[in-house]
Structure formats: C-alpha cells, structure tokens
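First the structure, in the form of structure tokens, and then the observations on it.
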Number of protein chains: 2
Amino acid sequence: MARASTTSDVFNAIAEPRRREILELLAQRGALAAGALALLLGMPQPSVSKHLGVLRKVGVVAVVKQGRERVYSLEAEKLRTVHDWVKTFESLWGHQLERIKARAEEKARVRVAAEASSKPGKGES
Amino acid sequence: MARASTTSDVFNAIAEPRRREILELLAQRGALAAGALALLLGMPQPSVSKHLGVLRKVGVVAVVKQGRERVYSLEAEKLRTVHDWVKTFESLWGHQLERIKARAEEKARVRVAAEASSKPGKGES
DNA sequence: TTGACATTTTCCGATAAAGGAAAATAATGA
DNA sequence: TCATTATTTTCCTTTATCGGAAAATGTCAA
C-alpha cells in the first residue's frame with residue numbers, strides 16, 4: 001500500500017510547505033484569486049492550482065467563481081482538527097519552570113517504564 | 001519530484017494516523033517499549049518499528065536501550081512547530097459569537113476581493 | 001467569431017511510502 | 001553454545017505524489 005492520499009486528511013494536506021504558505025496568505029490577506037496567489041508565491045499557476053485543488057478537496061479552502069477568476073478563501077474551522085490534536089500535548093512542553101518539572105517527571109517515567117518491562121525484582125533497590 | 005519524505009518534517013511525520021496514535025499513547029501512558037506499543041495498537045511489530053523510526057528521525061520521540069527492549073518516550077517540544085503554526089489561525093474560527101462575526105467578515109472579504117479583481121465600476125450599487 | 005486572459009486538467013518521469021514476509025541484529029537464560 | 005525473545009532492516013509490490021510542459025476549459029471584449 002502507498003502513502004495515504006494528500007486529500008485524505010487535513011494532516012496530509014498541510015504536510016506540503018507550499019500548501020501551508022497558501023493558507024497563511026489567505027489568512028493574512030483575506031480571499032485571493034488563484035492568479036494572485038501564484039504571483040505572491042512566485043510559482044507557476046498550474047502548480048498553485050493543483051495545491052488549491054488538494055486544499056479544496058479537504059475543505060480547508062472554499063472557492064467562488066467570479067467571472068474568469070476563482071477567488072479562494074480560508075475555511076479555518078477545518079484546521080481545528082489539527083489544532084485540537086496538538087493542543088493535547090501542550091502541557092508536555094510548558095514554559096520556563098514547568099518545563100523543567102515536566103522534564104524530570106518524564107525522565108522518571110522512562111526509568112519506571114524501562115524497569116517495569118524488564119523482569120521485576122532485579123537488583124536495583 | 002516525489003512527495004517530500006516523511007522524515008523531512010514534523011508535519012510530514014504526523015500525517016500518518018498510526019504515527020499520531022503512537023504519539024498519543026506515549027503522551028498518556030508515558031514511555032513504552034516497542035513491543036508494548038505494537039500490542040496496544042494491535043499491529044505487527046515491524047510496522048510499529050518503522051513508524052517509530054520515522055518519528056525518531058524527526059526527533060519527536062527518543063529511544064533508550066534497556067536490555068533487549070527499546071523504550072520510547074515523547075519529545076513533545078518538537079510538536080511545538082505544528083502547534084505554533086495552527087495557533088495562528090485560532091482567531092479565525094473563534095468560539096460562539098465570535099464565530100458568527102468572523103463568518104460575516106469573511107463573507108464580506110470574499111465579496112470585496114471578488115469585486116476588486118473584476119473590472120471596477122461594474123453595475124452593482 | 002476571433003483573440004486574449006484565467007485557471008484547471010492531463011501526461012510524463014522520478015521518487016518514495018506503506019504493508020507483509022522473511023532475514024538480520026542483539027541480548028538474555030539455560 | 002543454543003534456543004528464545006525483542007526489534008530493526010531488507011525485499012518487493014502497489015500506488016500516488018510533485019513538478020514541468022502542454023493541452024483543454026471557461027470567460028470576457030471587440
């Protein structure tokens with residue numbers, strides 16, 4: 001089996017740096033036509049179009065036909081999946097002091113797990 | 001050119017659902033040996049091992065040889081890249097009321113952008 | 001209708017991921 | 001040393017991406 005399709009998932013869709021750039025642009029500059037995006041990104045239009053196709057298929061951008069151009073806009077809610085997922089780990093890195101604490105706890109946990117999975121009752125009181 | 005390597009990026013690494021599951025397990029149950037992970041995930045060890053290889057190459061997990069097992073632990077800080085990135089879009093979906101507001105604003109922006117890119121001065125007063 | 005513009009689609013070549021199976025390492029215990 | 005256990009690595013096949021170039025749609029304006 002091959003790698004999962006880029007369109008199968010928001011996670012897969014945003015794995016591409018260029019696609020992330022597109023999303024960033026749409027976020028900060030509002031809706032943009034495909035051509036404008038190509039211009040801002042400095043890459044060939046067909047390429048941008050394909051990336052937009054992926055993003056659209058996943059639903060993270062929406063299109064509106066306006067004459068001969070197609071205006072793309074961000075559907076930010078779709079990124080929520082990703083956000084919610086990483087947010088789970090937020091506490092594990094923490095800031096400043098918390099970080100040191102978490103570090104220590106984790107180190108201890110590693111030791112515990114390591115010992116627990118060896119035969120118990122070995123020599124390490 | 002092919003798709004970017006899964007090991008080229010944290011984004012690419014976490015695109016795989018199983019790899020995300022591994023990270024989740026490590027987060028909630030602390031450090032675990034490869035075999036334990038395979039058991040918990042209900043999939044063949046070689047498969048898990050390969051996934052762990054990817055995660056390790058990217059630096060989001062760390063290994064510690066403990067006898068014949070290898071205990072894996074989470075290096076959560078590496079997920080910060082992803083977190084910081086999606087966090088940028090946080091304001092765009094907001095909660096409750098904000099969401100409606102944002103929606104309206106966005107809709108307006110799309111219209112504006114669409115109009116701006118057509119020839120100005122058309123008939124739509 | 002003809003022509004220019006905006007964008008998508010198709011075709012191509014190169015690259016590599018993912019799963020399964022089997023082989024290769026490594027470390028423990030008798 | 002010889003099995004046994006824990007994990008990783010190597011093959012192999014299938015499938016899909018990405019990028020570039022060219023062809024195909026679609027739309028507006030004379």
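Heavy-atom basis, side chains included; hydrogens, waters and symmetry copies ignored. Given the structure is predicted, the values throughout are model-derived calculations rather than measurements.
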Fill in the blank from the handout: The answer to which of A:Gly35 and A:Arg3 contacts DNA chain C further toward the 5' end, by nearest nucleotide, is A:Gly35
Practice task
Provide the closest heavy-atom pair for B:Phe11 versus B:Val82 in the form atom of the first, atom of the second, distance.
Solution key: CZ-CA, 3.8 Å
Problem - d(CG, B:Leu52; C1', D:dT9) in whole Å - result: 14 Å
Practice task
Examine D:dA6: is either OP1 or OP2 under 4.0 Å from a nitrogen or oxygen in the side chain of B:Tyr72? Give yes or no.
Solution key: no
Practice task
Report the residue (A:Lys65 or A:Ser47) whose heavy-atom-nearest nucleotide on DNA chain D is the more 5′ of the two.
Solution key: A:Ser47
Exercise for the section: Please report, rounded to the nearest Å, how far the C1' atom of D:dA24 is from the NZ atom of A:Lys50. Expected result: 14 Å
Exercise for the section: Take the protein atom CG of B:Leu41 and the nucleotide atom P of C:dG19, then report the distance between them rounded to whole Å. Expected result: 12 Å
Exercise for the section: Check every strand shown and say whether A:Pro44 touches a base, only sugar-phosphate, or nothing at a heavy-atom separation below 4.0 Å. Expected result: sugar-phosphate
Practice task
Look at the aromatic rings of A:Trp93 and B:His83 and report parallel, tilted or perpendicular, splitting at 30° and 60°.
Solution key: perpendicular
Practice task
Scan A:Thr6 against the nucleic acid and name what it touches under 4.0 Å (heavy atoms): base, sugar-phosphate only, or nothing.
Solution key: sugar-phosphate
Exercise for the section: Please determine if a side-chain N or O atom of A:His51 lies less than 4.0 Å away from the OP1 or OP2 oxygen of D:dG19. Expected result: yes
Handout entry: Shortest non-hydrogen contact between B:Glu75 and B:Ala62, atoms and distance
Key = OE2-CB, 3.5 Å
Completion exercise
Note: for B:Arg68 and A:Ala4 on DNA chain D, the residue whose nearest nucleotide lies more 5' is B:Arg68
Problem - Nearest heavy-atom neighbours spanning B:Ala76 and A:Leu92 - result: CB-CB, 3.6 Å
Practice task
Rounded off to whole Å, could you give me the CG-to-P distance for the B:Asn12 and C:dA18 pair?
Solution key: 10 Å
Exercise for the section: Check every atom of C:dT9, C:dG19, D:dT8 against the side chain of B:Arg70 and return the nucleotide holding the closest atom. Expected result: D:dT8
Exercise for the section: Please state how far atom CD in B:Glu16 lies from atom C1' in D:dA16, giving the value in whole angstrom units. Expected result: 14 Å
Problem - Minimum heavy-atom distance A:Ala31-A:Val71, with the two atoms named - result: CB-CG1, 3.6 Å
Problem - Sugar-phosphate, base or nothing in reach of B:Ser49, heavy atoms under 4.0 Å - result: base
Practice task
Calculate the interatomic distance between B:Gln66 atom CD and D:dT5 atom C1'; express it in whole Å.
Solution key: 16 Å
Problem - Phosphate-side-chain proximity, A:Ser5 and D:dT17, N/O vs OP1/OP2 below 4.0 Å - result: yes
Practice task
Take atom CD of B:Gln45 and atom P of C:dA26, then tell me their distance rounded to the nearest Å.
Solution key: 17 Å
Practice task
In whole angstrom, give the distance that lies between atom CE of A:Met1 and atom P of D:dC11.
Solution key: 23 Å
Practice task
Please determine, for the side chain of B:Ala2, which listed nucleotide (D:dA21, D:dT17, D:dA16) has the closest atom?
Solution key: D:dT17
